[in-house]
Asks: 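The structure under discussion is supplied below as structure tokens; questions concerning it will follow.
None of the values given here were measured: they were computed from a predicted structure. All chains are named by letter (A, B, ...) in the order of the sequence lines, taking the proteins before the strands, and each is independently numbered beginning at 1.
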Protein chains: 2
Amino acid sequence: MTAAANGAGAELHRLVGERLGERDQRYTASRRQIIDAFAVLARPVTLPELLTRAKGLAQSSAYRNLAVLEEAGAVRRLLHGADHAHYELAEDLTEHHHHLICVECGLIRDITLGSTLERSLDNALDGVASAEGFTPTHHAIDIYGRCADCVPGPPA
Amino acid sequence: MTAAANGAGAELHRLVGERLGERDQRYTASRRQIIDAFAVLARPVTLPELLTRAKGLAQSSAYRNLAVLEEAGAVRRLLHGADHAHYELAEDLTEHHHHLICVECGLIRDITLGSTLERSLDNALDGVASAEGFTPTHHAIDIYGRCADCVPGPPA
DNA sequence: TTGCTTGCAAATGATTTGCACTGCT
DNA sequence: AGCAGTGCAAATCATTTGCAAGCAA
């Protein structure tokens, strides 16, 4: 059993607990289950998917806990065309990344751009935003396409 | 009265009508009103906003028409955190652009990157996607921040 | 105890759909 | 006539919320 499969690293839990503590919220077993699921899956997941991992957790509690975790800055909610929203660990608990979204099956995976590209992109986006009177805080890039399982005619 | 305020350009209407025709759908007055509103506002709008422009159009009809127009490739639906989805003209009826989103008031505006940056970005994104086994079709960049009206401490 | 958490059931609200009617073609 | 389009009212469904009970400090 890998460290990840065993549960998220102690460091991750410490950070999440800290952020919850700052808001007088407890780091309960349910919330740990959720964070563990994110750490194990390592990709944005929907609430139904999350529930299959966090056995025994009520749907409403999952929604409530995700809201608390999002509020505390430990989780981020993503909205794409899918029926359900996707949730993932906050970027500062992982690393700055973007998303690859399969237009066929809805799968979402993380990707990172090279630091060089990311840096020049950052500057460019800041420039454009400022020119429009916006004070930029962050950005997101989504690449849509077909994942390996959904490309037409895979088998020989 | 400008050409835009007078109604979208004849060319735009011709293209939309053509796409609807290909799917055996009519380009009715209601649909024209919707397209006109997009052309005049020139930014992604929510359904409630659209209804204030398309006087007399029933909410359900607006939703249905937008679905038809999206299906025909004339309109694109955007999902962000807001209560309502945003709609805009399809990119190939306007031009490739990205979005500036105000985290405070939800306003969304279009921006374009320089063609040089856009081109190198395109290549880079294609490369990353392919390396992950994805066959990319398109991409979207969202810059979040505060619009001029929402930056803290504006008045002197 | 006090108050954060939780599960269950009921409520909410954007979006969708059933149906009967109007209006092109 | 025949069928796409429309308005109205009712239905859907992800997400949220009220409430009573459980649990940790």
Asks: Who passes side-chain contact (heavy atoms from CB on, under 4.5 Å) against B:R19, sequence neighbours left out?
Replies: B:A72, B:D92, B:L93
Asks: Hydrophobic clustering (ILVMFWY, side-chain heavy atoms < 4.5 Å, transitive) - are A:L50 and A:V16 grouped together?
Replies: yes
Asks: Which hydrophobic side chains are connected to B:L79, either touching it within the sub-4.5 Å cutoff or through other members that do?
Replies: none
Asks: What does nucleotides 13-25 of chain C look like as a protein-contact string, B for base, S for sugar-phosphate only, - for none, at under 4.0 angstrom between heavy atoms?
Replies: -SBBBB-------
Asks: In this structure, are over 12 heavy atoms from other groups packed under 6.0 Å from B:R53 atom CZ?
Replies: no
Asks: May I ask you to say whether B:R14 pairs ionically with B:E18, meaning some side-chain N is under 4.0 Å from a carboxylate O?
Replies: yes
Asks: If I take atom CG from residue A:D149 and atom CD from residue A:E104, how far apart are they, to the nearest 0.5 angstrom?
Replies: 11.0 Å
Asks: Is the distance from OP1 or OP2 of C:dT5 to the nearest side-chain N or O of A:N65 less than 4.0 Å?
Replies: no
Asks: Quick one: B:L69 CG to D:dG5 C1', roughly how many Å, whole number?
Replies: 13 Å
Asks: Under the rule for side-chain hydrogen bond (donor to acceptor under 3.5 Å, both in side chains), what residues qualify as partners of B:D126, not counting sequence neighbours?
Replies: none
Asks: Specify the residues of residues 27-34 of chain B, ordered by number, for which at least one heavy atom lies under 4.0 angstrom from an atom of DNA chain D.
Replies: B:T28, B:S30, B:R31
Asks: Residues sharing A:L121's hydrophobic cluster, by side-chain heavy-atom contacts under 4.5 Å among ILVMFWY, directly or via others?
Replies: A:L100, A:I111, A:L113, A:L117, A:L125, A:V128, A:F134, A:I141, A:I143, B:L100, B:I111, B:L113, B:L117, B:L121, B:L125, B:V128, B:F134, B:I141, B:I143
